[in-house]
Amino acid sequence: GDSVTQTEGQVALSEEDFLTIHCNYSASGYPTLFWYVQYPGEGPQLLFRASRDKEKGSSRGFEATYDKGTTSFHLRKASVQESDSAVYYCALSNYGSSGNKLIFGIGTLLSVKP
Amino acid sequence: EAAVTQSPRNKVTVTGGNVTLSCRQTNSHNYMYWYRQDTGHGLRLIHYSYGAGNLQIGDVPDGYKATRTTQEDFFLLLELASPSQTSLYFCASRTGDEQYFGPGTRLTVL
């Protein structure tokens, strides 16, 4: 079945550091890829999506590029802020699946120190 | 913007207890979902529905029932709660390919 792998369970950075969170996927066809962000005490919310090879999604200074060749959708930000501290989930939706189900990675807890 | 609310926000019950978690969305989305969130597992789909009276089985359905009574309301039922069901539960609704999540219900089964 379809799956999403996030290799970093936790990332600790200082403000203005560069962020990379790795996301690799396994799916047939052309899934849509997502990054969701979850702030403390809230539900996840969509950060951005990409649905085609080489498409770049971006929002709030975060970006990721859909790479079908390496089956990756790595999240990057050039300069993180304390307010970016949250859990980040990579997810995919394969329109061949019933209900357009989202398959989530395990999530990455980002902690940014001032 | 989509609004999804959940109640209660926190619930404590004992093993074997009967629990109902409620979810309401106010934007008339067809699809609604129930997830559980656990460290090391991320979000896992329990059940989902594409309209009133419809129920579809998710990826981790054992021990859970669900019912969609109206377009707005989706309930998750634990009829014999077990400690393994201690978790943070999220409801979501969907329009297009974006899911909108509620604030979650933290359930503790003692």
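The figures that follow rest on heavy atoms only: side chains count, while hydrogens, waters and symmetry mates do not. All values derive from a computational prediction rather than experimental measurement. Reminder, nothing fancy here: chain letters follow the sequence lines and each chain counts from 1.
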Can you tell me which portion of [X] sits under 4.5 Å from chain A's heavy atoms? Options are side chain, backbone, both or neither.
X	answer
B:Leu43	both
B:Tyr50	neither
B:Gln6	neither
B:Arg106	neither
B:Asp59	side chain

Item to check | Contact winner vs chain B - A:Pro44, A:Ala91, A:Gly43, A:Gly105, heavy-atom pairs under 4.5 Å | outcome: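 Max contact count across the listed options: A:Pro44.
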Item to check | Mutual orientation of the aromatic rings belonging to A:Tyr88 and A:Phe62 [parallel < 30°, tilted 30-60°, perpendicular > 60°] | outcome: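 Ring orientation, 0 to 90° scale: tilted.
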Checklist entry - What is the ring orientation for B:Tyr31 with B:Tyr33, classed by angle as parallel under 30°, tilted 30 to 60°, or perpendicular over 60°? => result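 Correct class here is parallel.
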Checklist entry - For A:Gln38, is it the side chain, the backbone, both, or neither that has a heavy atom closer than 4.5 Å to a heavy atom of chain B? => result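 The side chain, not the backbone.
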Item to check | Portion of A:Leu109 that has a non-hydrogen atom of chain B nearer than 4.5 angstrom | outcome: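 Contact with chain B is absent: no heavy atom of A:Leu109 under 4.5 Å.
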Item to check | Whether A:Ser93 side chain and A:Leu102 backbone form a donor-acceptor pair below 3.5 Å | outcome: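 Answer holds: no.
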Item to check | Pairing of A:Lys77 and A:Asp84 as salt bridge, 4.0 angstrom limit | outcome: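 Answer for the salt bridge query: yes.
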Next on the checklist: Check this for me, if you would: do A:Arg76 and A:Glu63 make a salt bridge, where the nitrogen-to-carboxylate-oxygen distance has to be below 4.0 angstrom?
Outcome noted: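 So A:Arg76 does not pair with A:Glu63 through a salt bridge.
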Item to check | Greater than 12 external heavy atoms within 6.0 Å of A:Tyr39's OH | outcome: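 Atom OH in A:Tyr39 is crowded, with more than 12 foreign heavy atoms closer than 6.0 Å.
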